[in-house]
Amino acid sequence: MSDDFELDTKDLERRMDGAMTSLRTEFASLRTGRASASMLEPVMVDAYGTQTLINQVGTVNVPEPRMVTVNVWDKGLVNKVEKAIRESGLGINPQMNGTIIMLPIPELNEERRKELTKVAAQYAENARVAIRNVRRDGMDQIKKAKADGMSEDDQKFWETEVQEMTNLHIKSVDDALEAKQAEIMQV
């Protein structure tokens, strides 16, 4: 049985990649002083009695670097969309123009930039924890196989494989954090 052990490294890698994808999504929602359609992704609108994503009630565009527009398809929802944006905590003041809601992106002050870098660091730490949890699952599988009679050489081989994969993904998180913090602090 010991020779038959094959660690599912593809599954571990997929789960670690999932943590990276989640981190990128969280980073995209951070406002950096530049307009981005993705910053509205977490905003939910009370439409037709249910919470709906903003991109399902209108078209989100970025016509210029410091402006996001939402072209609401149903005139009856314009005020609800505007209210959802105002209450979302993004710190943006929507301006109405018929069915189009314009969102001018203000410059970030130094204090707000520092706050955002701390938030980015927290997102990165959450991704690191998720990656380490996947590593722990892989190591647990190896320990179980060792108890079932795997050789010590095989154990060392698989532990090294899992650790190298973990180190690679942690480095990706650190690189992504460094790039995001530089983007946030850029004036």
Side-chain angles (χ1 to χ4, degrees), residues 1-44 51-56 60-62 65 68 88-92 105 108 110-187:
M1 172 156 174
S2 63
D3 295 336
D4 296 339
F5 180 76
E6 183 72 31
L7 185 66
D8 190 356
T9 54
K10 293 228 184 297
D11 179 57
L12 296 177
E13 180 125 26
R14 181 187 54 77
R15 290 168 54 199
M16 288 183 185
D17 287 344
M20 282 301 301
T21 302
S22 176
L23 177 66
R24 286 189 195 98
T25 302
E26 288 175 328
F27 277 177
S29 70
L30 281 180
R31 190 160 70 84
T32 59
R34 283 196 308 248
S36 165
S38 62
M39 62 196 271
L40 292 177
E41 282 179 6
V43 178
M44 299 294 273
Q51 290 295 314
T52 309
L53 291 171
I54 199 164
N55 63 5
Q56 294 179 357
V60 179
N61 289 315
V62 183
V68 176
S88 68
L90 288 172
I92 300 174
I105 310 300
L108 294 173
E110 189 68 21
E111 183 180 323
R112 182 70 177 136
R113 286 179 192 279
K114 287 180 180 171
E115 270 178 45
L116 287 174
T117 59
K118 288 177 185 171
V119 171
Q122 185 58 50
Y123 288 162
E125 184 55 33
N126 292 343
R128 284 188 206 101
V129 167
I131 290 168
R132 285 189 213 112
N133 286 340
V134 174
R135 174 190 175 276
R136 188 193 64 229
D137 291 348
M139 292 299 190
D140 288 348
Q141 290 176 32
I142 294 166
K143 282 181 188 157
K144 185 178 180 307
K146 172 78 169 124
D148 291 343
M150 176 197 291
S151 73
E152 235 173 89
D153 287 344
D154 286 347
Q155 178 188 7
K156 292 278 187 241
F157 170 79
W158 287 113
E159 285 177 351
T160 304
E161 284 285 308
V162 171
Q163 189 59 50
E164 286 174 0
M165 192 185 311
T166 303
N167 293 345
L168 190 70
H169 282 81
I170 296 286
K171 183 178 178 345
S172 296
V173 169
D174 293 341
D175 293 346
L177 174 62
E178 196 175 303
K180 188 62 176 183
Q181 287 180 330
E183 181 185 333
I184 291 169
M185 294 308 288
Q186 179 182 344
V187 178

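Only heavy atoms go into these numbers, but all of them, side chains included; no hydrogens, no water, no symmetry mates.
- A 4.5 Å side-chain heavy-atom check between M165 and V162 finds every atom pair outside the cut-off.
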List the steps and the verdict of salt bridge (charged side-chain N to carboxylate O under 4.0 Å, His left out) for R14 and D11. CA-CA 5 Å; R14 181 187 54 77; D11 179 57; 2.4 Å; yes
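- Side chain to side chain, Q163 and N167 meet the donor-acceptor criterion of an N or O pair below 3.5 Å.
- Residues D140 and R136 meet the side-chain proximity criterion, which asks for heavy atoms closer than 4.5 Å.
- Tested against H169 for a side chain to side chain contact (heavy atoms under 4.5 Å, CB included), the candidates M20, E164, R135 yield a single pass: M20.
- Remark: Q51 CD is packed, more than 12 non-hydrogen atoms of other residues, nucleotides or ligands lying under 6.0 Å away.
- No side-chain heavy atom of T52 sits less than 4.5 Å from a side-chain heavy atom of M44.
- Note that the CD1 atom of I131 and the CG atom of D17 stand 8.5 Å from one another [nearest 0.5 Å].
- Using a 4.5 Å heavy-atom threshold, the side chains of V68 and I105 count as touching.
- Judged by distance alone, with hydrogens and angles left aside, the side-chain atoms of S22 form no donor-acceptor pair with the main-chain N or O of G18 at under 3.5 Å.
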Assess whether salt bridge (charged side-chain N to carboxylate O under 4.0 Å, His left out) is satisfied between D175 and K171, documenting all intermediate values. CA-CA 6 Å; D175 293 346; K171 183 178 178 345; 3.0 Å; yes
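- Residue M139 holds its CE atom at 9.0 Å from CD of Q155, rounded to the nearest 0.5 Å.
- Here the OG1 atom belonging to T117 is positioned 8.5 Å from the CG atom belonging to L177, to the nearest 0.5 angstrom.
- In summary, K10 and E13 do not engage in a salt bridge, as defined by a charged side-chain N under 4.0 Å from a carboxylate O.
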Apply the test side chain to side chain contact (heavy atoms under 4.5 Å, CB included) to residues W158 and M150: give CA-CA distance (whole Å), side-chain angles for both, the deciding distance (0.1 Å), then the verdict. CA-CA 11 Å; W158 287 113; M150 176 197 291; 4.1 Å; yes
What verdict does the salt bridge (charged side-chain N to carboxylate O under 4.0 Å, His left out) test give for E183 and K180, after you've listed the backbone C-alpha separation in whole Å, the side-chain angles of each residue and the deciding distance to 0.1 Å? CA-CA 5 Å; E183 181 185 333; K180 188 62 176 183; 3.7 Å; yes
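- Remark: E125 engages R128 in a salt bridge, criterion side-chain N to carboxylate O under 4.0 Å.
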